[in-house]
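These values consider heavy atoms only, across backbone and side chains, with no hydrogens, waters or symmetry-generated copies. So that the names make sense, note that chain A is the first sequence line, chain B the second, and so on, each numbered from 1.
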There are 2 protein chains.
Amino acid sequence: MASRSAGAPGKARGELSAVDALAQLSFLIHGALERRVAEHDLSIIQTRLLGVLRDRTPTMNELAKLLELDKSSITGLVSRAERRGLVARATSSADRRAVLVSLTAAGRSLASAIASRFEADVSMMLESLPPSDRKALPRLASQVLVDHASRQGIDLFATTDS
Amino acid sequence: MASRSAGAPGKARGELSAVDALAQLSFLIHGALERRVAEHDLSIIQTRLLGVLRDRTPTMNELAKLLELDKSSITGLVSRAERRGLVARATSSADRRAVLVSLTAAGRSLASAIASRFEADVSMMLESLPPSDRKALPRLASQVLVDHASRQGIDLFATTDS
DNA sequence: TATTGTTATACTCTATAACTATA
DNA sequence: TATAGTTATAGAGTATAACAATA
């Protein structure tokens, strides 16, 4: 369990189990993002919405798949963001049932501000490591991500323009 | 932004920025836990509640500090867990205002089941790495955690029995 | 008076089921 | 008929403010 206290069974003092260490790091980063975006009165899911809209203008349906939520949840999520002027709805001209969601200028600027703040937060966490380890950690993380994605038949670096 | 697509500016194809890699790994682990505990109709916060109770019997107030929630949020959280028979309330004999929260046998067994399932999930993610890296990743994660904690004046490995 | 916990209230987030409009 | 999206409804999770009981 991630939130259990440090002393895992069978581990020497001053050590976390592999799983504990990764789980706690995950909570640390997640929590840092949560606190950061809370300063802008955003939740994690609202932030993810802004994030996926930075380089897409998906339909509500596509948004539901991207965020792994039910379409009815997307309705409310987008409506609250729209009420705050962060995103805009537009009826698709190709299919008049479909609604296209895009970032407003305000939404884009907020997304950028958060991204750079958060980047600084994570960089700060890494600064305690010696320079060689500071490169190794993201490299290993990438490796796990790429392998995990490929295990699901996804190429993390697939490009549309090829 | 963590949920942005892979190609970060200024990065060669096939690479994630350091921050992106860590953020995405964090979301991967968080999501894996979320899906795992959903099988038992638990949320992340309910799971964290069970987790902190594995080696503590705190008051509501202490629980609020441990989980970084308002005490009024703890009331509902504990009540829902209590209704499911996972935790129990008991009035403190030392201070009759205080309520002590503990894990029931059912709660403890559920917490153990989840911990071992989740441990397997994370181990599986690590198995794609060569053995040396498989040790390095948790080691680096621990280092970041310990340094982060000490920066806040906390000794992650403090013991009560010394 | 101060502290512990609960209650009342309000809002976000989520899902299921029923609905409308378009295809 | 099938699909895209919204609405109605219900419940978890969260915070603020007001409250009761105990210290």
Return the 5'-most residue of the pair B/Arg89, A/Glu68 with respect to DNA chain C, ranking by each residue's nearest nucleotide.
B/Arg89
Would you mind reading off the distance between B/Glu34 atom CD and C/dA15 atom C1', rounded to a whole angstrom?
14 Å
Just the rounded figure in Å: distance from P of D/dT14 to CD1 of A/Ile44.
13 Å
Can you tell me which nucleotide in C/dG5, C/dT3, D/dA17 comes closest to the side chain of B/Arg97?
C/dT3
Counting only N and O atoms by type, is there a donor-acceptor contact under 3.5 Å from the side chain of A/Ser26 to the main-chain atoms of A/Leu22?
no
Please work out whether the ring planes of B/His30 and A/Phe27 are parallel, tilted or perpendicular, with thresholds of 30° and 60°.
perpendicular
For the pair made of NZ in A/Lys71 and C1' in D/dA8, what is the distance, rounded to whole Å?
14 Å
Measure the distance from CD on A/Glu82 to C1' on D/dG5 and round it to the nearest whole Å.
13 Å
Counting only side-chain heavy atoms from C-beta out, which of D/dA4, C/dT6, D/dT22 sits nearest to B/Arg96?
D/dT22
Tell me what B/Asp70 touches on the nucleic acid: a base, only sugar-phosphate, or nothing, going by heavy atoms under 4.0 Å.
base
Establish whether B/Leu100 and B/Leu49 are linked, either directly or via other cluster members, by ILVMFWY side-chain heavy-atom contacts under 4.5 Å.
no
As a test of reading the structure: which of D/dG5, D/dG13, C/dT14 is closest to the side chain of A/Leu77, going by heavy atoms?
C/dT14
Please report the distance, rounded to the nearest Å, between CG in A/Leu42 and P in C/dC11.
18 Å
What is the distance, rounded to the nearest whole Å, between atom CZ of B/Arg80 and atom P of C/dT14?
15 Å
Of the candidates D/dA23, D/dG5, C/dC13, the side chain of A/Ala98 sits closest to D/dG5
Backbone N/O of A/Val52 and side chain of A/Arg56: donor-acceptor pair under 3.5 Å
yes
Report the residue (A/Leu69 or B/Ile74) whose heavy-atom-nearest nucleotide on DNA chain C is the more 5′ of the two.
B/Ile74
Just compare D/dG5, C/dG5, C/dC13 and give me whichever is closest to any side-chain atom of A/Ile45.
C/dC13
Has the side chain of A/Thr104 got a donor or acceptor atom that lies under 3.5 Å from a matching backbone atom of A/Leu86?
yes
C/dT3 phosphate, OP1 or OP2, under 4.0 Å from B/Asn61 side-chain N/O:
no
Of the candidate nucleotides D/dT14, C/dG5, D/dG5, which contains the atom at the shortest distance from the side chain of B/Thr59?
C/dG5
Mind checking if A/Ser43 touches a base, just sugar-phosphate, or nothing, with heavy atoms under 4.0 Å?
sugar-phosphate
Run the side-chain contact (heavy atoms from CB on, under 4.5 Å) test on B/Gln24 and A/Ser142 for me, step by step, so that the C-alpha distance in whole Å, both residues' side-chain angles and the decisive distance to 0.1 Å come before the verdict.
CA-CA 9 Å; B/Gln24 289 193 28; A/Ser142 296; over 6 Å; no
Interatomic distance, B/Leu67 CG vs D/dA15 P [rounded to whole Å]
11 Å
To the nearest angstrom, how far is A/Asp41 atom CG from D/dT14 atom C1'?
13 Å
Heavy atoms only, 4.0 Å cut-off, all strands: where does B/Ser79 land among base, sugar-phosphate and nothing?
nothing
OP1 or OP2 of D/dT14 under 4.0 Å from side-chain N/O of B/Ser73:
no
Establish, with yes or no, whether the OP1 or OP2 oxygen of C/dC13 is under 4.0 angstrom from a side-chain nitrogen or oxygen of A/Arg48.
no
Do B/Ser72 side-chain and D/dT16 base share a donor-acceptor contact under 3.5 Å?
yes
